[in-house]
Amino acid sequence: MDPVRNPYAPGAGQRPPELAGRDRELQQFEVVLERVARGRPERSMIITGLRGVGKTVLLNSFRSMAIQRLWGTGKIEARPDQSIRRPVASALHMAIRELAPRHRAPDRIEEFLGVLKAFAQAGEEPTGKSKARVHRWQPGIDVPAARGRADSGDLEIDLTELFVDAASVATDVGVGIALFVDEMQDIPADDVSALCAACHELSQNGGPLIVVGAGLPHLPAVLSASKSYSERLFRYARIDRLDRESADYALMAPAEREDVTFTEEALDALYVAADGYPYFVQAYAKVVWDVAPDTPITADDIKVAAPEAESELAVGFFGSRYERATPAERDYMRAMAVLGDEPVATAAVADELGRKPSSLSPARDGLIKKGLVYSAERGLVAFTVPHFGKFLRSQPA
């Protein structure tokens, strides 16, 4: 069939042609937006799940919903060992720029931008071998930095004051502000604590600013470790593989718009191959479309396409992550794979490698930092990528 008309889109954070199986989460966020718009107290929202289940896609869909309601929005992607001060400042700058044309008092906008500039410049950056305050953040804000507000250098104090001021500007316009944070588990521990404290303050005074985060399955534990009240501070939504009906719809709906259909046997084979994971659904479907001679797509087309799809996943989805690991980390992951696909005990991994558990801590911590494994619960580790154990078992020793 014509590859130009291929509707399927496997990609990092790339929206699929049909966002299937996420109606519950979309409805939950619709409720959040509506309640905040009416001045009702509402919790910020956290999406968790393995890689490839569509967290970033859902986060971007939430942002589109907020934009449609004329909210101010900004988005950041957290990185390990990087403070969120500057990224948050840039994201809120974008949000306020969206609201500024509708605000009746330009002075209020300028006043907030002065606070925003002070907030961004209050942090410390490494310069050479020492740390010093560096005033390089100049994102087109012409007003002078304010003094005495959000500029103490203590992120918890500053972020709380900044969020309260931003929410006040949004209240003037009669809308809200939504800050979207991807890879939220990578925020440094002190910054997570500051972010939770700022959200806590907003929840108490009812300010129309929400934080919507997405991260790996252990994100709730990361938040709880920083502030004990975080489990009551956020509304949590865990997303996973698609059920059979949703996976079939994700395949059929875009195909039917191109006058292409699947046989029931083809849908059976695709569900077995992709196991319902949204990224895999798109990856297999894209290759199947390109190799199928005509409609309807059959189970034989799936058999022909599967090796090519698996080869592409082995290189782009699994292999690229495997290559980031050190030799010691690869040994650790291979031992996990031998023990199975469910979360495994760190003690069992040590036994498999014939090592003491304490000697493997650097490898385990390195894998967690790189986002390849996560601590499912105390003493247990699991892969962040579905089918990663299967991939490792298929590789030569």
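Excluded from the calculations below are hydrogen atoms, water molecules and symmetry mates; all remaining heavy atoms, backbone and side chain alike, are included.
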Should [X] and [Y] count as an ion pair when the cut-off is N to O under 4.0 Å?
X: Glu312; Y: Lys286; value: no
X: Glu42; Y: Arg235; value: yes
X: Arg244; Y: Asp248; value: yes

How many angstroms lie between atom [atom1] of [X] and atom [atom2] of [Y], to the nearest 0.5 angstrom?
X: Glu183; Y: Leu59; atom1: CD; atom2: CG; value: 10.0 Å
X: Thr56; Y: Glu77; atom1: OG1; atom2: CD; value: 7.0 Å
X: Leu202; Y: Leu159; atom1: CG; atom2: CG; value: 9.0 Å
X: Leu367; Y: Met333; atom1: CG; atom2: CE; value: 5.5 Å
X: Arg334; Y: Tyr322; atom1: CZ; atom2: OH; value: 3.5 Å
X: Leu216; Y: Leu50; atom1: CG; atom2: CG; value: 7.5 Å

Just one of Phe391, Phe317, Tyr271 clears the ring-ring contact (aromatic ring centres under 6.0 Å, His included) bar with Phe280, so which one? Phe317
Donor-acceptor contact below 3.5 Å, side chain Asn205 vs main chain Gly207: yes
Taking the side chain from Lys227 and the backbone from Ala197, do they hold a donor-acceptor pair closer than 3.5 Å? no
Arg364 and Ser375: side chain donor to acceptor below 3.5 Å: no
Donor + acceptor pair across side chains of Gln28, Glu30 (<3.5 Å): no
Is it true that [X] and [Y] fall in one hydrophobic cluster, defined by side-chain heavy atoms closer than 4.5 Å?
X: Ile297; Y: Val291; answer: no
X: Leu209; Y: Val164; answer: no
X: Val272; Y: Phe262; answer: no
X: Leu339; Y: Phe383; answer: yes
X: Leu219; Y: Ile210; answer: yes

Pro7 and Trp289, any side-chain heavy atoms less than 4.5 Å apart: yes
Who are the ring pair (Phe, Tyr, Trp, His ring centres under 6.0 Å) partners of Tyr374, not counting sequence neighbours? His218
